[in-house]
*Asks:* 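Let me begin by handing over the structure; questions about it come next.
We count residues from 1, following the sequence as given.
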Amino acid sequence: MEARAIQRTVRQSARKMRLVIDQIRGQAVPQAYAILRFSKKLAAKQIHKVLKSAVANAEQRAQRENTALDVDRLRVKYAVVNEGPTLKRFTPAAMGRATPIKKRTSHVEIHVEGDAESRAPKGPAAKAGAKAEAIAPPVRAGKTKGKRPKAKKAGGKSKTKKEGK
């Protein structure tokens, strides 16, 4: 079961929100809630709302499809923060000038997924990977491809035999 939630034009810069979203990416939902609850960052509150909405969307989808869903087994599969539209404002400066102020916004997108789907083994893909390893040529122990010849010293005179007597 996969569900997503998107919140657009959050009044905080994407750079600040990415610090928090990087902490919850790939975590289980209860653990992500704990991280967000005890985070000192202001962005954690907005991200918590989006995560809560994604979990609610997963519950609604499971109810609509008449399937069982354990919220504690959900994981944050995909979580990104992108830049939104920038609000441009101006403030007065010295000698009658105006300096710009950029009030940045961001878009938060979170996808949650049930644990049963992520643990399911993929039959044909796993066999193809094993076959590719069997076909790969063996590596020789004598020579390594990564070595390069040493560089010559710059600025020195060449050591060739001088001709003529």
Side-chain angles (χ1 to χ4, degrees), residues 1-94 97-139 144-146:
M1 181 63 53
E2 185 177 335
R4 71 177 185 153
I6 301 172
Q7 185 178 14
R8 298 195 188 278
T9 62
V10 180
R11 266 294 293 124
Q12 191 161 21
S13 71
R15 186 175 179 179
K16 292 177 184 175
M17 294 192 85
R18 283 186 192 118
L19 295 172
V20 180
I21 206 96
D22 289 341
Q23 293 177 340
I24 67 162
R25 191 178 292 120
Q27 301 288 335
V29 167
Q31 190 175 1
Y33 279 144
I35 291 168
L36 293 173
R37 179 151 188 258
F38 295 108
S39 176
K40 291 182 179 180
K41 300 281 187 185
L42 196 66
K45 192 172 184 180
Q46 294 295 328
I47 292 170
H48 187 274
K49 286 181 182 181
V50 180
L51 180 61
K52 193 173 174 183
S53 178
V55 171
N57 291 344
E59 287 176 344
Q60 288 295 314
R61 188 169 181 185
Q63 192 175 21
R64 206 170 38 245
E65 294 175 358
N66 201 17
T67 58
L69 176 71
D70 185 13
V71 176
D72 294 335
R73 295 184 61 119
L74 289 175
R75 297 191 81 72
V76 178
K77 178 185 172 187
Y78 176 81
V80 292
V81 176
N82 295 318
E83 290 184 17
T86 301
L87 303 173
K88 295 176 179 78
R89 303 289 182 260
F90 292 92
T91 187
R97 294 192 188 103
T99 57
I101 295 176
K102 292 182 180 179
K103 298 190 175 193
R104 299 185 186 271
T105 63
S106 54
H107 301 319
V108 183
E109 184 175 358
I110 296 178
H111 293 225
V112 292
E113 180 183 44
D115 247 2
E117 291 179 4
S118 60
R119 289 186 188 172
K122 295 174 181 157
K127 289 179 184 176
K131 190 181 275 187
E133 289 177 6
I135 296 172
V139 179
T144 57
K145 292 182 181 179

*Asks:* Give the intermediate values and the outcome of side chain to side chain donor-acceptor pair (under 3.5 Å) for residues Q7 and Q46.
*Replies:* CA-CA 9 Å; Q7 185 178 14; Q46 294 295 328; 3.2 Å; yes
*Asks:* For the residue pair A54 and A3, what are the closest heavy atoms and their distance?
*Replies:* O-CB, 3.6 Å
*Asks:* Output the distance between atom OG (S39) and atom NZ (K45), rounded to the nearest 0.5 Å.
*Replies:* 13.0 Å
*Asks:* Can you measure from CD1 (I110) to CG (L51) and round to the nearest 0.5 angstrom?
*Replies:* 5.0 Å
*Asks:* Should we count CZ of R11 as having more than 12 external heavy atoms under 6.0 Å?
*Replies:* yes
*Asks:* Just verifying a value: how many Å separate K102 NZ and K88 NZ, rounded to the nearest 0.5 Å?
*Replies:* 7.0 Å
*Asks:* Does some side-chain heavy atom of K41 sit less than 4.5 Å from a side-chain heavy atom of K16?
*Replies:* no
*Asks:* Search all heavy atoms of L36 against all heavy atoms of A44 and return the closest pair with its distance.
*Replies:* O-CB, 3.5 Å
*Asks:* Begin with the C-alpha distance, continue with both residues' side-chain angles, and end with the deciding distance and a verdict on side chain to side chain contact (heavy atoms under 4.5 Å, CB included) for V112 and N57.
*Replies:* CA-CA 9 Å; V112 292; N57 291 344; over 6 Å; no
*Asks:* Ignoring hydrogens and geometry, is there a side-chain-to-backbone donor-acceptor pair from R75 to G26 under 3.5 Å?
*Replies:* yes
*Asks:* Looking at CD1 of I21 and CD of E109, how far apart are the two atoms once the value is rounded to the nearest 0.5 Å?
*Replies:* 10.0 Å
*Asks:* Assess the residue pair R104 and R15 against the criterion (side chain to side chain contact (heavy atoms under 4.5 Å, CB included)); give the C-alpha distance rounded to whole Å, side-chain angles, the decisive distance to 0.1 Å, and a yes or no.
*Replies:* CA-CA 10 Å; R104 299 185 186 271; R15 186 175 179 179; over 6 Å; no
*Asks:* Test side chain to side chain contact (heavy atoms under 4.5 Å, CB included) on L74 and L69 and set out the steps.
*Replies:* CA-CA 9 Å; L74 289 175; L69 176 71; 4.0 Å; yes
*Asks:* Are any side-chain N or O atoms of R25 and backbone N or O atoms of A79, one a donor and one an acceptor, separated by less than 3.5 Å?
*Replies:* yes
*Asks:* Looking at every heavy atom in both Q27 and I35, which two are closest together, and how far apart are they?
*Replies:* CG-CD1, 4.3 Å
*Asks:* Which heavy-atom pair separates Y33 from H48 by the least distance, and what is that distance?
*Replies:* CD2-NE2, 3.5 Å
*Asks:* Report the C-alpha distance between T9 and H107 in whole Å, list the side-chain angles of each, state the deciding distance to 0.1 Å, and finish with yes or no for side chain to side chain contact (heavy atoms under 4.5 Å, CB included).
*Replies:* CA-CA 6 Å; T9 62; H107 301 319; 4.0 Å; yes
*Asks:* Looking only at heavy atoms, which two atoms of R4 and I6 are closest? And how far apart?
*Replies:* NH1-CD1, 3.5 Å
*Asks:* Taking C-beta and beyond as the side chain, do Q63 and Q60 meet within less than 4.5 Å on heavy atoms?
*Replies:* yes
*Asks:* Is it true that, when you exclude R18 itself, more than 12 heavy atoms of the residues, nucleotides or ligands shown sit nearer than 6.0 Å to its CZ?
*Replies:* yes
*Asks:* Working to the nearest 0.5 Å, report the span between CZ of R61 and OG1 of T67.
*Replies:* 9.0 Å
*Asks:* I'd like to check I101 versus K103 (side-chain heavy atoms, cut-off strictly below 4.5 Å). Are they in contact?
*Replies:* yes
*Asks:* Give a yes or no on this: more than 12 heavy atoms of other residues, nucleotides or ligands lie within 6.0 Å of atom CG of L42.
*Replies:* no
*Asks:* Which pair of non-hydrogen atoms, one from M17 and one from S106, has the smallest distance, and what is that distance?
*Replies:* SD-OG, 3.1 Å
